[in-house]
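Numbered from 1 within each chain, the chains take letters A, B, ... in sequence-line order.
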Number of protein chains: 2
Amino acid sequence: MVGIRDIAQQAGVSISTVSYALNGSSKITEETRQRILKIADELNYIPNMAGRALKRKQTDIIGIYFTDYGGYFYGQILEGVGSTLKKHGYELIACSGKKSHLFLPEKLIDGAIILDSSYKSEEITHYADRGHHIVVMDRELDHKNVSQVLLDNIGGATLAIDYLIQKNLAKIYVVSGPDIAYDSRIRLKTALEELERYDNCEAVVLTGDFTKESGRQAAKTIIQEWNEEPVGVFALNDEMAIGIYDILKDSPLQIGKDIKLIGFDNDEIGSYITPGLSTFEYSKYKWGAVAAEKIIQLLDGKNVKNDLIYTTLLRRGSTEK
Amino acid sequence: MVGIRDIAQQAGVSISTVSYALNGSSKITEETRQRILKIADELNYIPNMAGRALKRKQTDIIGIYFTDYGGYFYGQILEGVGSTLKKHGYELIACSGKKSHLFLPEKLIDGAIILDSSYKSEEITHYADRGHHIVVMDRELDHKNVSQVLLDNIGGATLAIDYLIQKNLAKIYVVSGPDIAYDSRIRLKTALEELERYDNCEAVVLTGDFTKESGRQAAKTIIQEWNEEPVGVFALNDEMAIGIYDILKDSPLQIGKDIKLIGFDNDEIGSYITPGLSTFEYSKYKWGAVAAEKIIQLLDGKNVKNDLIYTTLLRRGSTEK
DNA sequence: TTGTAAGCGTTATCAC
DNA sequence: GTGATAACGCTTACAA
């Protein structure tokens, strides 16, 4: 391994001179700098991260945490985060596994972006208390070192119910998600509150967990309870809605006609199934980009406000037929 | 920040004793160890990565590199890699951006797994020459510090053509992928060689780049050239095949009847479109898991053999109707 | 069993 | 402008 001492020796200067040359200090002749740079290049010098980080106390790396790697969903978020961070000289790594939570206190990363319901809020607060900077995308957390960028679940869920109500249905099902997921909790709570406003419509919650399989289970229940009257279904995410399709396509019930179905998140599959799945869309890229901006502002010691990413209703065949 | 010196002071011992205690050395009384561990815990001690890495010359972190973050595709690979690495005490980070290529020589990661056609082979060889260990999933590279885990593209592409040939078609289109992508090149080369064997079938290559849009372009050409005779189409990946559906659904040509279409990679969407997309499937989880095993073996100084992940034909409506 | 001290590769504060 | 040198937090011979 070649380090700055090797370069120093080759160049016949001291290691501090090399360091200055490498880091573009102005205390050095342009001539010696060029000479040193040339030697560094010839020797294939690459600075050692550990040594550098130890001294600088920062790595210029941001870590992002997801609940799981599933879903094309995350790709666009990563692009939003990654390209924004890049502009500011930061690198992005996607971390997996419980042990990687330590990257923050271990100082491997300068900041963390979290969209991972398995990450405990106490743990986040704990790190924040110790001066680490964090952006959360999946919970509310009030702390001077933490900023939030949340989806406007309230707007979406309210609209979803209002939209179904307009269809004059006697019954509306809400297929819930896992209780640990913030997005799920808020969507459910909002939907139920909104449904309370309307007397002539029965509200039924079917327990789900954001997986396709739980959507299938919900579909079975809906078929069993079916009484020839059109019903509404608000699946709290598209994946479960797609599970509902899986079952209903082999049943006499027609999506769009007998069942007005609406999901959330605008999963790509929703545009390929028949009829198309109505859902709520939002820019995942922007969501990520805003999160990246927040973490940079936090690291810059700025006062950071929280943000909301708005969603819009996407009408397709599953509610319109 | 609390370090081992703080613990040492609290415990009234030297820093080496603390280090021994923390690292489970047998040179220490169980009693003092417990006492030190307790204090470390009370002080919320977390070892500093940089200090540790600087001394140990390793981080127990493996980096994985993807071309882009697109696609649910990668999720399963990451799970395969991640869970395998975890069993062996390694962490996994997904790296993005050109600068992150330096993580290997910078010694931030102990090894790299590459599925990223934008990563130059010369760069890989260069690092390997310097003693770094790498597993490639998207190219052939013969080097003692590099191991490969490739898809059996040859088997798949051969079967794809043979299968289409059985349908007695006068013409078979091959929609190609980007030339930089290894999987694309091999599939194309294999398909063309296989097609050469059959005289009574015209082979036509339509240039694509693995994107949906290029599939749409190909579809337009196919429609233009259509002469009432059934034709075969081998799209070198499912994404392009799905692009073909996009266009053909608004044309008189029927997939499965007029056009026998087959893709590659078993994208989830293929099972939701109508008719279902015939394709080649393989375990992405296993692909990742095997790559993880290879990198661990390389790091253990073992002699590592290359591996192949086999694919199987999945028949659905797009070729069967 | 525990302590002392050197060293990992870098940066940055001093003198010169 | 350049060079010694200390420091970053940790591991590990070696000494006691």
> In terms of the angle between their ring planes, are B/Y65 and B/H101 parallel, tilted or perpendicular, with boundaries placed at 30° and 60°?
Replying inline: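 If you compare the ring of B/Y65 with that of B/H101, the planes turn out perpendicular.
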
> In terms of the angle between their ring planes, are A/F66 and A/Y74 parallel, tilted or perpendicular, with boundaries placed at 30° and 60°?
Replying inline: parallel

Donor-acceptor pair, distance only, cut-off 3.5 Å: does the side chain of [X] make one with the backbone of [Y]?
X: B/R187; Y: B/G177; result: no
X: B/K302; Y: B/I296; result: no
X: B/R33; Y: B/S25; result: yes

> How far apart are the closest heavy atoms of B/L299 and B/H133, and which atoms are they?
Replying inline: CD2-CD2, 3.8 Å

>> Show the nearest heavy-atom pair for residues A/V135 and A/I295, with the distance to one decimal.
In response: CG2-N, 3.5 Å

> Can you give one letter per nucleotide of nucleotides 11-16 of chain C, going 5' to 3': B for a protein heavy atom under 4.0 Å from the base, S for sugar-phosphate only, - for none?
Replying inline: BBBB--

Can you measure [X] atom [atom1] to [N] atom [atom2] for me and round it to whole angstrom units?
X: A/I46; N: C/dT10; atom1: CD1; atom2: P; answer: 11 Å
X: B/E30; N: C/dT2; atom1: CD; atom2: P; answer: 11 Å
X: A/D6; N: C/dC8; atom1: CG; atom2: C1'; answer: 13 Å
X: B/E106; N: C/dC8; atom1: CD; atom2: C1'; answer: 16 Å
X: B/N48; N: C/dG9; atom1: CG; atom2: C1'; answer: 14 Å
X: B/K107; N: C/dG9; atom1: NZ; atom2: P; answer: 9 Å
X: A/Q34; N: D/dG1; atom1: CD; atom2: P; answer: 16 Å
X: B/I7; N: D/dG9; atom1: CD1; atom2: C1'; answer: 11 Å

> After noting the C-alpha distance and the side-chain angles of B/E42 and B/K38, does the key distance pass the salt bridge (Lys or Arg N to Asp or Glu O under 4.0 Å) rule?
Replying inline: CA-CA 6 Å; B/E42 281 167 12; B/K38 184 149 166 288; 3.3 Å; yes

>> Closest-nucleotide mapping onto DNA chain D: is B/M1 or A/S26 further toward the 5' terminus? I mean the 5' end.
In response: A/S26

> End-to-end bend of the helix from C/dT1-D/dA16 to C/dC16-D/dG1 (five-pair axes, 10° rounding)?
Replying inline: 40°

> In chain order, what residues pass the side-chain contact (heavy atoms from CB on, under 4.5 Å) check against B/Q58, with sequence neighbours excluded?
Replying inline: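 Per chain and number, B/Q58 pairs via side-chain contact (heavy atoms from CB on, under 4.5 Å) with B/R56, B/D60, B/D110.
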
> With a 4.0 Å cut-off on heavy atoms, is B/S25 in touch with a base, just the backbone sugar-phosphate, or nothing at all?
Replying inline: nothing

> Which sits closer to the 5' end of DNA chain C, B/K57 or B/V13, going by the nucleotide each is nearest to?
Replying inline: B/V13

